[in-house]
Amino acid sequence: MIGSILGGAFRLVVRRPGSVAIWAILYLVGIFAIGLLRVLMTPAGATGADWSFSGFFAATVTQLLMLGLIAILLTAVCRATLHPYKTGKFYLRLGGNELRVFALLLMLAIASAVAMFLLGLASQMILWGISAAVGGPEAMGRWPQVILGLLVAGAVILVQVRLSIALPLTYLYEQITVDEAWTLSHGHFWSLFGAFVAISLLLLAGWIIVMLIFFWPVVQAVLQSDFSPDMLLGGVMMMLVVQAMNLSTLSQIIVMALVFVLIALGFVLVTATLASVARELLGLKEGQLPDLSRRG
């Protein structure tokens with residue numbers, strides 16, 4: 001099943017390279033423009049309550065714009081994967097499908113934020129209870145935190161994988177659906193998870209190759225360091241910027257092109273994989289999808 005899922009995703013890249021390039025350009029330009037808008041919407045001189053309100057308002061508006069951009073691109077990729085015969089400029093549209101996917105993304109984002117808050121609160125209460133039972137944080141040690149963290153991470157991954165096909169199903173059914181995504185993915189977690197891991201490893205290999213070829217001094221410095229948090233969070237980024245500036249013009253162009261390709265592949269392959277998964281689980285053949293818009 002993993003092979004057929006990935007095959008459907010990669011076929012989209014091979015058959016529609018022009019569309020993939022346009023989606024990647026829109027994605028990158030959109031991210032830059034939305035980030036710039038957020039900076040412009042946050043007054044530099046604002047302090048206290050004014051800064052908090054301005055920052056919250058700017059964050060809310062730009063996050064909604066980001067969800068809108070992603071909804072349009074996700075729907076385009078789903079349309080190209082599931083209904084390649086449909087006409088349109090690079091499968092890009094702005095209509096009911098895009099609005100439904102946007103509503104689904106917004107709903108999932110809010111639900112995820114609430115769920116993570118509740119999980120964090122519950123985890124903290126459990127750790128407090130364990131600490132009180134054993135006689136304090138020193139006696140408890142770090143193992144309960146590690147085990148609890150792994151359990152929470154596993155639960156989050158399980159839910160995300162099981163609900164991931166809600167996006168293509170919302171497009172296919174032309175109605176927001178979450179429960180059927182959970183139902184259809186029952187018994188297929190490892191196939192879905194394996195497909196995502198395969199794509200992640202492929203993209204990771206691409207990033208590693210770029211790092212080894214163009215940023216080998218930075219890789220050496222990291223390998224020889226003590227891996228302190230400050231080094232990893234701040235120093236590495238600064239070294240990458242410096243190394244990029246020291247590259248020749250041709251190398252800089254090549255690096256930018258490779259980064260562009262990797263970002264495009266990441267976005268398109270993940271979305272096309274979700275669409276391929278939905279098609280496989282529904283038992284539909286490629287290019288022969290019936291109208292499912294009225295299916296409940």
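Closest non-hydrogen pair, L247 versus Q252, comes out as O-NE2, 3.4 Å. Closest non-hydrogen pair, A76 versus F90, comes out as CB-O, 4.2 Å. Heavy atoms only, all atoms of each residue included: A166 and L104 are closest at O-CD2, 3.5 Å. In terms of heavy-atom proximity, L12 sits nearest to A80 at CD1-CB, 3.7 Å. Nearest approach of M41 to F57, heavy atoms of both residues: CE-CE2, 3.4 Å. Listed here is the closest heavy atom pair of L269 and V13: CD2-CG2, 3.8 Å.
Residue-environment remark: CE (M107) exceeds the threshold of 12 foreign heavy atoms within 6.0 Å. The number of heavy-atom neighbours closer than 6.0 Å to CH2 of W190, taken from other residues, nucleotides and ligands shown, is 12 or below.
At least one donor-acceptor pair under 3.5 Å links the side chain of T62 to the backbone N or O of A59. Checking side-chain atoms of S164 against main-chain N and O of V161 turns up a donor-acceptor pair under 3.5 Å. Side-chain N or O atoms of Q160 include none that pairs as donor or acceptor with a backbone N or O of I157 at under 3.5 Å. A donor-acceptor contact shorter than 3.5 Å is absent between the side chain of R38 and the backbone of A58. Here the side chain of S112 pairs a donor or acceptor atom with the backbone of L108 at under 3.5 angstrom.
Put simply, the side chain of R11 does not reach to within 4.5 Å of the side chain of R16, judged on heavy atoms. Looking only at side-chain heavy atoms (C-beta outward), F196 and L274 come within less than 4.5 Å of each other. Counting heavy atoms from C-beta on, the side chains of F267 and V77 come closer than 4.5 Å. A 4.5 Å side-chain heavy-atom check between F260 and V255 finds every atom pair outside the cut-off. You'll find the side chain of V242 stays beyond 4.5 Å of the side chain of M245, heavy atoms only.
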### Query
Where do Y27 and V268 land on the side-chain contact (heavy atoms from CB on, under 4.5 Å) test, with the steps shown first?
CA-CA 11 Å; Y27 181 67; V268 174; over 6 Å; no
### Task
In sequence, state the C-alpha distance, the side-chain angles, and the governing distance for V101 and I72, and then conclude on side-chain contact (heavy atoms from CB on, under 4.5 Å).
CA-CA 8 Å; V101 171; I72 293 173; over 6 Å; no
#### Entry: Full working for side-chain contact (heavy atoms from CB on, under 4.5 Å) between E280 and H188
CA-CA 11 Å; E280 289 284 336; H188 300 283; over 6 Å; no
### Task
Evaluate the criterion side-chain contact (heavy atoms from CB on, under 4.5 Å) for residue pair M211 and Q243; output intermediate values, then yes/no.
CA-CA 11 Å; M211 292 294 296; Q243 178 64 20; over 6 Å; no
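With hydrogens and angles left out, the side-chain atoms of T170 and R100 include no donor and acceptor closer than 3.5 Å. Defined by atom type and a distance below 3.5 Å, a donor-acceptor pair is missing between the side-chain atoms of S276 and T273.
Note on I176: it clusters hydrophobically with I110, by side-chain heavy-atom contacts below 4.5 Å among ILVMFWY residues. Under a hydrophobic-cluster definition in which Ile, Leu, Val, Met, Phe, Trp and Tyr are linked whenever side-chain heavy atoms come within less than 4.5 Å, directly or via other members, L204 and I263 are assigned to the same cluster. M256 and I213 fall into different hydrophobic clusters, defined by Ile, Leu, Val, Met, Phe, Trp and Tyr side-chain heavy atoms under 4.5 Å apart, directly or through other members. Hydrophobic clustering keeps V14 apart from L262 (ILVMFWY residues linked when any side-chain heavy atoms are closer than 4.5 Å, directly or through intermediates). Taken together through direct or relayed side-chain contacts under 4.5 Å among Ile, Leu, Val, Met, Phe, Trp and Tyr, V210 and L28 form part of one hydrophobic cluster.
T271 contributes atom OG1, which lies 4.5 Å from atom CG of L74 (distance to the nearest 0.5 angstrom). The CH2 atom of W23 sits 7.5 Å away from atom CG of L92, with the distance rounded to the nearest 0.5 Å. Within the model, atoms CD1 of I208 and CG of L201 stand 9.0 Å from one another, a figure rounded to the nearest 0.5 Å. A distance of 6.0 Å separates CG of L184 from CG of L169, quoted to the nearest 0.5 Å. Atom CZ of residue F215 and atom CH2 of residue W207 lie 9.5 Å apart, to the nearest 0.5 angstrom. Interatomic distance, CG of L73 versus OH of Y91, reported as 15.0 Å (0.5 Å rounding).
In this structure, V156 shares a hydrophobic cluster with M116, L119, V152, the cluster being traced through Ile, Leu, Val, Met, Phe, Trp and Tyr side chains under 4.5 angstrom apart.
Below 30°, between 30° and 60°, or above 60°: for F193 and F189 the angle between ring planes is below 30°, a parallel geometry.
The side-chain hydrogen bond (donor to acceptor under 3.5 Å, both in side chains) test applied to T183 returns no partner, not counting sequence neighbours.
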